[in-house]
Amino acid sequence: VVGHLGIARLGLGLGHRGVAARHRGGALAGVELYHGGTSSNNINARQTRIAPSREGAKAKYAMSAREMTHDDIDRVQRDFVEAAQRARDLGFDIVYVYGAHGYLMTQFLSSVHNRRTDSYGGSIVGRARFQLETMERVRMAIGEDCAVATRMCIDGRDGTKGVHIDEMLEFIALAMNSPMTVSLVGRTTTGSSSSLPPPWVTTASSGLNPSTCSASFERKPTGMRSGK
């Protein structure tokens with residue numbers, strides 16, 4: 001993203017110094033990896049944005065977006081994997097496959113933004129496929145070296161349209177069936193957050209307030225580095 005420091009630019013010196021400083025303070029170091037999709041600021045690059053579907057893409061800077069092909073989807077997933085591997089090699093303890101705030105993964109989950117007719121669209125199972133596949137590919141690539149987490153919008157009434165709490169709880173249930181998920185965190189529209197007690201799926205399905213707008217869950221490997 002133009003104007004942002006990408007993980008590809010985090011050289012050994014800058015990256016290691018930043019991570020080492022956090023470890024010296026007793027903290028874990030985390031990095032958020034995301035693709036903006038139709039929110040990408042390409043005003044300088046002038047490359048056509050990519051999106052789940054062209055019909056659901058909003059024009060920005062006098063430019064719309066094109067629908068992602070399966071090759072595009074594979075390339076973006078590989079980019080996430082390569083970025084996660086760089087983050088691991090730099091010593092980060094937590095790698096976020098970031099899916100909140102209306103970025104590409106939220107766009108795939110949205111029935112308004114995602115109007116695809118293939119296996120990456122349609123029902124929530126299809127619309128969830130891109131994010132779940134990306135999370136799993138990252139997990140497989142970095143293994144037990146660090147935690148893999150994600151964050152997602154679960155109520156888009158004040159932001160990304162087409163994201164509804166009932167369907168997003170279905171998404172969480174799908175994710176919980178993989179080795180990825182062990183914890184769930186709710187965030188209210190006012191910005192305060194609170195951990196939800198286990199069992200996470202049962203609690204989430206019965207206890208989440210409709211005002212909750214985002215959720216975060218992660219896979220915590222047994223060998224995760226502690227702060228140094």
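Note that the structure is predicted; figures quoted are calculated from it, not measured.
Legend: residues meeting ring-ring contact (aromatic ring centres under 6.0 Å, His included) with Phe80, ordered by chain and number and at least two apart, are absent.
The shortest non-hydrogen separation linking Val112 to Lys161 is CB-O, 3.6 Å. The nearest pair of heavy atoms linking Ala128 to Phe171 is CB-CD1, 3.3 Å. Considering every non-hydrogen atom in both Gly99 and Met105, the closest pair reads CA-CB, 3.8 Å. Thr106 and Val163 make their closest contact through CG2-CG2, 4.0 Å (heavy atoms, listed as atom of the first residue, atom of the second, distance). Residues Ser111 and His164 approach most closely at OG-NE2, 4.5 Å, considering heavy atoms. Nearest heavy atom pair, residue Arg49 against residue Ser40, reads NE-O, 2.9 Å.
Rounding to the nearest 0.5 Å gives a distance of 10.5 Å between CZ of Arg54 and CD of Glu67. Distance check, rounded to the nearest 0.5 Å: OG of Ser123 to CZ of Arg129 gives 11.5 Å. In this structure, Arg151 CZ and Tyr34 OH are separated by 13.5 Å, a value rounded to the nearest 0.5 Å. In this structure, CE in Met68 is found 5.0 Å from CG in Leu104, a value given to the nearest 0.5 Å. Met135 contributes atom CE, which lies 6.0 Å from atom CG of Leu132 (distance to the nearest 0.5 angstrom).
With contacts defined as side-chain heavy-atom distances shorter than 4.5 Å, the pair Met152/Ile172 qualifies. Put simply, the side chain of His35 does not reach to within 4.5 Å of the side chain of Asp79, judged on heavy atoms. In this structure the side chain of Phe108 reaches within 4.5 angstrom of the side chain of Ile73, judged on heavy atoms. Under the 4.5 Å side-chain criterion, counting only non-hydrogen atoms from C-beta, Leu90 is not in contact with Val31. Between Thr134 and Val81, the closest side-chain pair of non-hydrogen atoms is not below 4.5 Å. Residues Arg75 and Asp72 form a side-chain contact, since some pair of their non-hydrogen atoms from C-beta on lies under 4.5 Å apart.
The closest donor-acceptor contact from the side chain of Asp89 to the backbone of Arg86 lies at 3.5 Å or more, if one exists at all. Looking at Arg116, its side chain does come within 3.5 Å of a backbone N or O of Pro52 through a donor-acceptor pair. Not one N or O on the side chain of Asn114 forms a donor-acceptor pair closer than 3.5 Å with the backbone of Gln107. Judged by distance alone, the side chain of Glu32 and the main-chain N or O of Val97 form no donor-acceptor pair under 3.5 Å.
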Just do the salt bridge (charged side-chain N to carboxylate O under 4.0 Å, His left out) check on Arg22 and Asp93 with the steps written out, would you? CA-CA 11 Å; Arg22 285 154 179 79; Asp93 305 285; over 6 Å; no
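Between Tyr98 and His101, the ring planes lie parallel to each other; the angle is under 30°, not in the 30° to 60° tilted range.
Checked for salt-bridge contact, Arg137 and Asp74 meet the test: a charged N lies under 4.0 Å from a carboxylate O.
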